[in-house]
Amino acid sequence: MIGKTSLYRILMNIHLNDSDISQMPEQLRNSFLHWLTKRSQAVQAPVSQHLGKPQAHATQLVLNLESQTPEQKSDHSHVSLTQLFDAGITKQGMPVRVRLKKQLANKQGRQYINNLAISAKGTIVYSSQEYNQPSPLAKDITGGAVNGWEYIEVKKNDQWVRLDELRKTWRKTND
């Protein structure tokens, strides 16, 4: 039996060629291709530009997908900043701030690192590095491991809102 705290994951390899993709129902194919372009780092082989027309030598597409039990997914599903952006929850140019740990805040004489914003891609850029997950950004700013969903806030409708609240909004419509 898999408990709430278990971290069992099942690694699935799915192999699709152009013909497989072109035979998908249109809505599924469009959703799949949208997902694929957003997560191009998961692609291990190039995809043909002519996915609607099967070719004699179809390009193989290999995806590695991790799945969890429904119980684990509800507690631990990974949400990216670009998913919030794609859903319209965040928008380009929205101000972002990162709360500092107490000791660092006392040392710097301020509670937040300001002057960050949501980029045109939906990510946050800090020190010339682009972040699509909040915790690595918060760690780089605070100097230690922290939950970026709790430490990072976005100014939405003239109020500072923790990313965790925006993630909950996203999950209500996507999980």
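From a predicted model like this one, the values you see are computed outputs, not experimental measurements. All values below were derived from every heavy atom in this structure, side-chain atoms included, with hydrogens, water molecules and symmetry-related copies excluded.
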Engineer: With a 4.5 Å limit on heavy-atom distance, are the side chains of S135 and Q133 in contact?
Structural biologist: no

Engineer: Drop me the distance from K168's NZ to I89's CD1, to the nearest 0.5 angstrom.
Structural biologist: 13.5 Å

Engineer: Of all residues at least two apart in sequence or in a different chain, which pass the side-chain hydrogen bond (donor to acceptor under 3.5 Å, both in side chains) check with R162?
Structural biologist: E150, E165

Engineer: Quick one: are I118 and V96 in side-chain contact, heavy atoms under 4.5 Å?
Structural biologist: yes

Engineer: Given side chain to side chain contact (heavy atoms under 4.5 Å, CB included), test L81 with L163 step by step and report yes or no.
Structural biologist: CA-CA 9 Å; L81 296 174; L163 279 178; 3.8 Å; yes

Engineer: Is there a side-chain contact between S119 and E130, using heavy atoms and a 4.5 Å cut-off?
Structural biologist: yes

Engineer: Given 3.5 Å as the limit, does a donor-acceptor pair link the side chain of Q108 with the main chain of A105, or not?
Structural biologist: no

Engineer: At what distance, to the nearest 0.5 angstrom, does CD1 of I124 lie from CZ of R97?
Structural biologist: 13.0 Å

Engineer: More than 12 heavy atoms of other residues, nucleotides or ligands under 6.0 Å from NZ of K101: is that the case?
Structural biologist: yes

Engineer: Over all heavy atoms of both residues, which pair between L116 and Y126 is shortest? Give the atoms and the distance, please.
Structural biologist: CD2-CD1, 3.8 Å

Engineer: Do V98 and I141 have side chains that approach each other closer than 4.5 Å (heavy atoms only, starting at C-beta)?
Structural biologist: yes

Engineer: Are N132 and T82 close enough that a side-chain donor and a side-chain acceptor fall under 3.5 Å?
Structural biologist: yes

Engineer: Which atom pair, heavy atoms only, marks the closest approach of A138 to G148?
Structural biologist: CB-CA, 3.8 Å

Engineer: Are W149 and L166 packed together at the side-chain level, in the sense that at least one heavy-atom pair is separated by less than 4.5 angstrom?
Structural biologist: no

Engineer: For Q103, enumerate each residue passing the side-chain hydrogen bond (donor to acceptor under 3.5 Å, both in side chains) test, keeping only those at least two apart in sequence or located in another chain.
Structural biologist: none

Engineer: Of the options L137, L100, T142, I152, which is the one that meets I113 in a side-chain contact (heavy atoms from CB on, under 4.5 Å)?
Structural biologist: L100

Engineer: A side-chain contact here means heavy atoms from C-beta on lying under 4.5 Å apart; do K121 and F85 qualify?
Structural biologist: no

Engineer: Heavy atoms, side chains only, cut-off 4.5 Å: are Y151 and V146 in contact?
Structural biologist: yes

Engineer: Return the OG to CH2 distance between S80 and W170, rounded to the nearest 0.5 Å.
Structural biologist: 7.5 Å

Engineer: Looking at E153 and R99, is any side-chain nitrogen of the basic one under 4.0 Å from a carboxylate oxygen of the acidic one?
Structural biologist: no

Engineer: Do V125 and Y112 share a hydrophobic cluster, counting only Ile, Leu, Val, Met, Phe, Trp and Tyr and linking them when any side-chain heavy atoms are less than 4.5 Å apart?
Structural biologist: no

Engineer: I'd like to know if the side chain of K102 reaches the main chain of Q111, judged simply by a donor and an acceptor atom lying under 3.5 Å from each other, with no hydrogens or angles considered.
Structural biologist: no

Engineer: Heavy atoms, side chains only, cut-off 4.5 Å: are M94 and K156 in contact?
Structural biologist: yes

